[in-house]
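For reference, the structure discussed in these notes is given below.
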Amino acid sequence: QRLMLHRPTILVLNRNWQAIASASPVDVFGAMTNDRVTALNIYGPDWMIPVAWEDWQSLPVRKGDQSLGTIRGRVRIPTVVVLSSYDRLPRRRLKFGLRGLWERDGGRCQYTGRALTLAEANIDHVIPASRGGPTTWENCVLSDRKINTRKADRTPEEAGLTLLTPPAIPPRRPVTDFIQNKYNIDDWRIFLPEVTLSTNSLAS
């Protein structure tokens, strides 16, 4: 149970009901007692009605619910909460690295167009690092490891290769796109896009 209390199993929505983060029961219960968030009683009799802490404590723990023992008995752990006053939808950019390039380039080698797994992929410097090429979004692309080895310390033109798309800094995206439903919580799917990227923490 101690482990469960610190896992990010609760989806956090802003006051406009846009997903902006995931949080642990420890964080959320503290925020509920301070009236910073209300919890959604999803699929209950009052469907999708935000419930304040005082009333949440009296809700029954249903079969399949996660719960926490308190001096007042078992209290249901919510799956989705709504922030009371925060209404922004922050935007962020992919983190630069192999996974970030894989996401930006659609998981395809930028010389052959072949779909790659992360294990098959490599970061290629368009202008080789040994010749002064920077390690930046604008000079790096996703490449098949075999192609990258063949290209070696040459430019694409010197190696007889053609870039599918000129490398560029990826645009900032809503943080909703970066929230992972890694515990496969059904209630989250109502608020998340089909494809998500990474995790966040409770907004302050």
Side-chain angles (χ1 to χ4, degrees), residues 1-100 102-103 107 117-118 170-204:
Q1 179 166 317
R2 182 177 298 178
L3 208 64
M4 177 186 66
L5 292 177
H6 294 277
R7 287 176 176 165
T9 57
I10 302 171
L11 185 66
V12 181
L13 311 181
N14 65 15
R15 64 181 299 178
N16 297 320
W17 289 39
Q18 297 166 306
I20 61 169
S22 60
S24 71
V26 167
D27 291 330
V28 164
F29 278 135
M32 287 184 74
T33 58
N34 292 325
D35 296 322
R36 290 174 54 207
V37 303
T38 52
L40 291 185
N41 186 20
I42 297 177
Y43 305 124
D46 299 318
W47 192 70
M48 288 294 193
I49 300 298
V51 181
W53 173 245
E54 193 62 35
D55 295 324
W56 184 265
Q57 297 175 81
S58 62
L59 291 179
V61 177
R62 306 159 302 186
K63 184 178 179 180
D65 284 335
Q66 298 288 342
S67 62
L68 173 67
T70 72
I71 57 174
R72 295 181 57 171
R74 306 299 300 181
V75 175
R76 188 194 309 178
I77 295 175
T79 54
V80 181
V81 296
V82 183
L83 289 163
S84 301
S85 58
Y86 189 85
D87 60 4
R88 290 186 296 163
L89 180 61
R91 302 178 74 86
R92 54 173 287 203
R93 187 173 284 122
L94 289 166
K95 183 179 179 181
F96 181 83
L98 179 60
R99 181 173 289 276
W102 189 87
E103 294 285 353
T117 65
L118 281 173
R172 292 183 180 274
R173 298 167 59 176
V175 292
T176 307
D177 294 347
F178 293 84
I179 302 172
Q180 286 184 331
N181 188 3
K182 63 180 181 179
Y183 296 108
N184 296 315
I185 300 169
D186 286 339
D187 296 351
W188 288 28
R189 295 189 173 96
I190 302 169
F191 304 98
L192 292 179
E194 290 185 8
V195 179
T196 53
L197 305 174
S198 64
T199 53
N200 238 359
S201 58
L202 182 64
S204 57

(message) Can you give me the closest heavy-atom contact between M4 and Q66, atom names plus distance?
(response) SD-OE1, 2.7 Å

(request) Evaluate the side-chain contact (heavy atoms from CB on, under 4.5 Å) criterion for residues I77 and D65: first the C-alpha distance (whole Å), next the side-chain angles of each, then the deciding distance (0.1 Å), finally the verdict. (result) CA-CA 7 Å; I77 295 175; D65 284 335; over 6 Å; no

(request) Test I49 against N41 for side-chain contact (heavy atoms from CB on, under 4.5 Å), laying out the working first. (result) CA-CA 6 Å; I49 300 298; N41 186 20; 5.9 Å; no

(request) Would you check if L5 and L68 make a side-chain contact, meaning some heavy-atom pair closer than 4.5 Å? (result) yes

(request) Go through the structure and list residues passing side-chain hydrogen bond (donor to acceptor under 3.5 Å, both in side chains) with D55, not counting sequence neighbours. (result) none

(request) List the atom of V175, the atom of A19, and the distance in Å for their closest heavy-atom pair. (result) CG2-O, 4.3 Å

(message) Do S24 and R7 make a side-chain contact, defined as non-hydrogen atoms from C-beta onward lying under 4.5 Å apart?
(response) no

(request) Give a yes or no on whether the backbone of P60 and the side-chain of R76 come within a donor-acceptor separation of less than 3.5 Å. (result) yes

(request) Only counting residues at least two apart or in another chain, list the ones meeting salt bridge (Lys or Arg N to Asp or Glu O under 4.0 Å) with R189. (result) D186

(request) For the pair N14 (side chain) and R88 (backbone), establish whether a donor and an acceptor sit closer than 3.5 Å, ignoring hydrogens and angles. (result) yes

(request) Decide yes or no for I10 and F29: does some side-chain heavy atom of the first lie under 4.5 Å from some side-chain heavy atom of the second? (result) no

(message) If I compare all heavy atoms of T33 with all of G30, which pair ends up nearest, and what's the gap?
(response) OG1-O, 2.8 Å

(request) For residues T176 and L192, determine if any side-chain heavy atom of one lies less than 4.5 Å from a side-chain heavy atom of the other. (result) yes

(request) Can you see which heavy atom on W102 is nearest to which on T117, and at what distance? (result) NE1-C, 4.1 Å

(message) Go through it in stages, so that I can follow the logic: the residues are F191 and I179, the test is side-chain contact (heavy atoms from CB on, under 4.5 Å), and I'd like the CA-CA distance, side-chain angles, deciding distance and then a yes or no.
(response) CA-CA 11 Å; F191 304 98; I179 302 172; over 6 Å; no

(message) Would you compute the distance between atom CG of L83 and atom CG of L13 and round it to the nearest 0.5 angstrom?
(response) 8.0 Å

(request) Would you mind reporting whether I190 and I42 have side-chain heavy atoms less than 4.5 Å apart? (result) yes

(message) With rounding to the nearest 0.5 angstrom, report the OG1 to CZ distance, T38 to R15.
(response) 11.0 Å

(message) Using 0.5 Å steps for rounding, measure from the CH2 atom of W53 to the CZ atom of R36.
(response) 14.5 Å

(message) Quick check for you: to the nearest 0.5 Å, what is the distance between S67 atom OG and L59 atom CG?
(response) 12.5 Å

(message) Could you check whether any side-chain heavy atom of P50 comes within less than 4.5 Å of a side-chain heavy atom of W56, counting everything from C-beta outward?
(response) no

(message) Rounded at 0.5 Å granularity, tell me how far CE in M32 sits from CG in N34.
(response) 11.0 Å

(request) To the nearest 0.5 Å, tell me how far R173 CZ sits from L94 CG. (result) 6.0 Å

(request) Of all the heavy-atom pairs spanning P78 and V28, show the shortest one and how long it is. (result) CG-CG1, 4.2 Å

(message) Could you walk me through whether T79 and L11 satisfy the side-chain contact (heavy atoms from CB on, under 4.5 Å) test, starting with their C-alpha distance in whole Å, then the side-chain angles of each, then the deciding distance to 0.1 Å, before giving a yes or no?
(response) CA-CA 6 Å; T79 54; L11 185 66; over 6 Å; no

